[in-house]
Visitor: 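Pasting a structure below so you can have a look.
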Amino acid sequence: MLAAPINPSDINMVQGTYALLPQLPAVGGNEGVGVVVEIGRHVSSMRPGDWVVPVDAGLGTWCTEAVFSEDSLVRVPSDIPVAGAATVSVNPCTAYRLLSDFETLRPGDTIIQNASNSGVGQAVIQIATSLGITTINVVRDREDLSSLIQRLRDLGADHVITEEQLRKPEMKDLFKNCPRPRLALNCVGGKSTTEMLRHLDYGGTMVTYGGMSKQPVTVPVSALIFKNVKLCGFWVTQWKKERAQTDREEIVKMIRDLCDLIRRGKLVPPPSTQRPLEDFSRALQDSQTPFLSRKQILIM
C-alpha cells in the first residue's frame, strides 16, 4: 500500500454502525492506492509495478502490505498524484454517478447540493464544471466562511450559499440568472433537505447519499403532487457490487474518466493532511473534528 484516506464511512464501519461490516478481526479502511509487488500465475490484468485501487469495500486498506484478488482491484495510472489516486474510488466515484445516473444533464443546466465542502461535494463541483453544469452549493455557516466560499469558487462553484440563506425569500432572485435545478444532491437530511426541495424544478430528482444531520428526510406532500419530484437513494458500494457482476467495464471506464480529469488538473483531491501510518491515532481524531475540512491520509 502507498496511501489510504480516512473517510466517514470508515469511521462508521469501525463503530459498527455502517451498512457493510467485515468479519472480525478486521483491518480498517475502504479506499487507497497500492503498487503491485507480485502476482499469481493466472493474473492477466495487472503486473508488478502497476498502481491499483480497490473496487470492493471492506478490503482493509490501512496496512503496509496485503494480498487481494485480481477482481477486487482496478489499475490506475501512476502519473497522477498519490493523494489523487488514493482518494479516487469513493467520493469522486459517488459524484460521477450522481451526475450521470439520475437526470440527463446538459451544459447550462443547474444542480443544487448541500454538504458542498465535503469530499463528494467538492468532486461534484469540479466534475459539473467540466461538463458546463451550473452548481448551487449550500454550506453551514462558520467563522471562516469567506475563505471556504473562495475555496469552493476556486474549484468552479458558481453559487455558494449558507443554510440560512437557502431559507430566505431572496433565493428566488438567484433563479433570474440560472434555471431552477433539475437535480438536488442531499447528504444532510433534516431541514436542509426540505429547503432544497422547495427550489427543485418541476419533475426534478433529489438523490440522498448521506445523512450527516442524522435527521429524517421530510418531504412536503405538495412537492410530490404538484411538482412531481422524484426521491432516490444512492450507495456507491452497492452500485460497484452490482456492476462487478454484470458490467465491470463500466467501473473501469468511470475510474479512467476520473483519472483523466485528475491528470488534466480538473479534479483535485480535497485539502489533506498526510500522516505516517504509525500516527493513525492522531489522524483518526482529526478526521472526526468538526469544521476541520481536511482529509486525513495515511502514508505507508
Side-chain angles (χ1 to χ4, degrees), residues 8-9 12 17-19 91 94-106 108-125 127-128 131 133-142 145 148-149 152 157-239 290-291:
S9 57
N12 294 152
T17 60
Y18 199 54
N91 292 332
T94 298
Y96 185 102
R97 299 263 56 102
L98 291 173
L99 292 170
S100 302
D101 294 354
F102 297 94
E103 286 285 341
T104 302
L105 298 172
R106 298 179 175 84
D109 284 346
T110 303
I111 68 155
I112 187 170
Q113 64 167 344
N114 54 26
S116 303
N117 59 314
S118 66
V120 172
Q122 292 182 50
V124 164
I125 290 170
I127 297 170
L131 298 172
I133 297 166
T134 299
T135 60
I136 301 172
N137 303 279
V138 184
V139 297
R140 289 181 295 173
D141 201 358
R142 63 194 67 206
L145 180 62
L148 172 61
I149 290 174
L152 296 183
D158 297 285
H159 306 281
V160 183
I161 59 176
T162 64
E163 298 272 5
E164 290 73 22
Q165 291 171 317
L166 181 66
R167 301 186 185 105
K168 292 184 177 180
E170 290 78 13
M171 265 295 293
K172 67 179 184 297
D173 295 333
L174 188 150
F175 300 113
K176 295 177 181 177
N177 302 313
C178 67
R180 286 188 176 271
R182 292 198 50 73
L183 180 67
L185 306 177
N186 169 47
C187 185
V188 177
K191 293 181 179 179
S192 175
T193 309
T194 308
E195 293 301 325
M196 283 204 304
L197 269 174
R198 289 178 50 233
H199 303 295
L200 199 59
D201 197 11
Y202 178 87
T205 301
M206 172 174 281
V207 186
T208 294
Y209 67 94
M212 293 170 61
S213 73
K214 295 182 170 61
Q215 298 297 315
V217 173
T218 303
V219 183
V221 172
S222 59
L224 295 171
I225 298 175
F226 302 121
K227 295 185 70 175
N228 194 32
V229 299
K230 299 179 286 293
L231 304 177
C232 307
F234 180 74
W235 185 28
V236 73
T237 299
Q238 183 65 31
W239 184 92
F291 299 114

Visitor: Under the ring pair (Phe, Tyr, Trp, His ring centres under 6.0 Å) test, which residues partner H159, sequence neighbours left out?
Guide: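 In terms of ring pair (Phe, Tyr, Trp, His ring centres under 6.0 Å), with neighbours along the sequence ignored, H159 is linked to no residue.
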
Visitor: To check you understand the geometry: which heavy-atom pair defines the closest contact between A128 and T135, and what is its length?
Guide: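 Here A128 and T135 meet closest at CB-CG2, 3.6 Å.
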
Visitor: Go through the structure and list residues passing salt bridge (charged side-chain N to carboxylate O under 4.0 Å, His left out) with D141, not counting sequence neighbours.
Guide: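 D141: no salt bridge (charged side-chain N to carboxylate O under 4.0 Å, His left out) contacts found.
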
Visitor: Could you tell me whether the side chain of L145 reaches within less than 4.5 Å of the side chain of V139, counting heavy atoms only?
Guide: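 In contact.
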
Visitor: Go through it in stages, so that I can follow the logic: the residues are I161 and M171, the test is side chain to side chain contact (heavy atoms under 4.5 Å, CB included), and I'd like the CA-CA distance, side-chain angles, deciding distance and then a yes or no.
Guide: CA-CA 9 Å; I161 59 176; M171 265 295 293; 3.5 Å; yes

Visitor: Please tabulate, for the side chains in residues 182-191, all donor-acceptor contacts under 3.5 angstrom to protein atoms that are two or more places apart in sequence or on a different chain.
Guide:
{"unit_1": "R182", "atom_1": "NE", "unit_2": "E103", "atom_2": "OE1", "d": "3.3"}
{"unit_1": "R182", "atom_1": "NH2", "unit_2": "E103", "atom_2": "OE1", "d": "2.9"}
{"unit_1": "N186", "atom_1": "OD1", "unit_2": "N114", "atom_2": "ND2", "d": "3.0"}
{"unit_1": "N186", "atom_1": "OD1", "unit_2": "V188", "atom_2": "N", "d": "3.0"}
{"unit_1": "N186", "atom_1": "OD1", "unit_2": "G189", "atom_2": "N", "d": "2.9"}
{"unit_1": "N186", "atom_1": "OD1", "unit_2": "T193", "atom_2": "OG1", "d": "3.1"}
{"unit_1": "N186", "atom_1": "ND2", "unit_2": "T193", "atom_2": "OG1", "d": "3.4"}
{"unit_1": "N186", "atom_1": "ND2", "unit_2": "T208", "atom_2": "OG1", "d": "2.9"}

Visitor: Between Q113 and N137, is there a side-chain donor-acceptor contact under 3.5 Å, judged purely by atom types and distance?
Guide: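 N137 vs Q113: donor-acceptor pair found between side chains.
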
Visitor: Any non-hydrogen side-chain atom of V236 less than 4.5 Å from a side-chain atom of Y96?
Guide: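 No, every pair of side-chain atoms sits at 4.5 Å or beyond.
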
Visitor: Hey, does the side chain of K230 reach the backbone of G203 with a donor-acceptor pair shorter than 3.5 angstrom?
Guide: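 Pair found, side chain donor or acceptor close to backbone of G203.
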
Visitor: Grab the two heavy atoms, one from F102 and one from T205, that are nearest each other, plus how far apart they are.
Guide: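 Closest approach of F102 to T205: O-OG1, 4.0 Å.
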
Visitor: Please report the closest heavy-atom contact between G108 and T134, naming both atoms and the distance.
Guide: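 Smallest interatomic distance, heavy atoms only, reads O-OG1, 4.4 Å.
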
Visitor: For a side chain to side chain contact (heavy atoms under 4.5 Å, CB included) check, start with the C-alpha distance between R142 and N117, then their side-chain angles and the critical distance, and finish with the verdict.
Guide: CA-CA 12 Å; R142 63 194 67 206; N117 59 314; 3.5 Å; yes

Visitor: Go through the structure and list residues passing salt bridge (charged side-chain N to carboxylate O under 4.0 Å, His left out) with R198, not counting sequence neighbours.
Guide: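 For R198, the residues satisfying salt bridge (charged side-chain N to carboxylate O under 4.0 Å, His left out) (neighbours in sequence not counted) are E195.
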
Visitor: Would you mind reporting whether I111 and L105 have side-chain heavy atoms less than 4.5 Å apart?
Guide: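 With C-beta onward as the side chain, the pair touches.
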
Visitor: If I compare all heavy atoms of G233 with all of V207, which pair ends up nearest, and what's the gap?
Guide: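 Looking at all heavy atoms of both residues, the shortest contact is C-CG1, 4.3 Å.
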
Visitor: Over 60° means perpendicular and under 30° means parallel, so tell me whether F175 and H199 are parallel, tilted or perpendicular.
Guide: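 Plane angle between 30° and 60°, so tilted.
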
Visitor: L131 and I127: side chain to side chain contact (heavy atoms under 4.5 Å, CB included), yes or no, with the steps?
Guide: CA-CA 6 Å; L131 298 172; I127 297 170; 4.2 Å; yes

Visitor: Donor-acceptor check, side chain of S116 to backbone of G121, threshold 3.5 angstrom: yes or no?
Guide: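 Flag not set: sc S116 to bb G121 has no pair under 3.5 Å.
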
Visitor: Quick check against the 3.5 Å criterion: does D109 have a side-chain atom that pairs as donor or acceptor with the backbone of R106?
Guide: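 Looks like yes, one N/O pair under 3.5 Å.
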
Visitor: Output yes when a side-chain donor or acceptor of K227 lies under 3.5 Å from a complementary backbone atom of L200, and no otherwise.
Guide: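 Pair found, side chain donor or acceptor close to backbone of L200.
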
Visitor: What is the distance from atom CD1 of I112 to atom CG of L174, rounded to the nearest 0.5 Å?
Guide: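 I112 atom CD1 to L174 atom CG measures 8.0 Å (nearest 0.5 Å).
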
Visitor: Is any side-chain heavy atom of V124 closer than 4.5 Å to a side-chain heavy atom of V120?
Guide: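 Yes - at least one pair of side-chain heavy atoms lies under 4.5 Å apart.
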
Visitor: Measuring from W239:CH2 to R97:CZ, what's the distance to the nearest 0.5 Å?
Guide: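 Answer rounded to 0.5 Å: 4.0 Å.
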
Visitor: Measuring only between side-chain heavy atoms, which start at C-beta, is T110 closer than 4.5 Å to R180?
Guide: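 In short, these two side chains do not touch, never coming nearer than 4.5 Å.
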
Visitor: How far does CG of N91 sit from OG of S118, to the nearest 0.5 angstrom?
Guide: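 Reported to 0.5 Å precision, the distance equals 7.0 Å.
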
Visitor: Taking salt bridge (charged side-chain N to carboxylate O under 4.0 Å, His left out) as the test, write out the residues that go with R140, two or more places apart.
Guide: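 Salt bridge (charged side-chain N to carboxylate O under 4.0 Å, His left out) list for R140, sorted by chain: empty.
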
Visitor: Could you tell me which non-hydrogen atom of L197 sits nearest to which non-hydrogen atom of M206, and how far apart they are?
Guide: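 Scanning both residues, the minimum pair turns out to be CG-CE, 3.7 Å.
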
Visitor: What pairs with K214 under salt bridge (charged side-chain N to carboxylate O under 4.0 Å, His left out), at least two apart in sequence or on another chain?
Guide: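 Salt bridge (charged side-chain N to carboxylate O under 4.0 Å, His left out) list for K214, sorted by chain: empty.
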
Visitor: If you take all heavy atoms of L166 and S192, which pair is closest and at what distance?
Guide: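 Smallest interatomic distance, heavy atoms only, reads CD2-O, 4.0 Å.
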
Visitor: Could you check whether any side-chain N or O of N12 sits under 3.5 Å from a backbone N or O of T17, counting only pairs where one atom can act as donor and the other as acceptor?
Guide: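 No; judged by distance alone, with no hydrogens or angles, the pair does not exist.
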
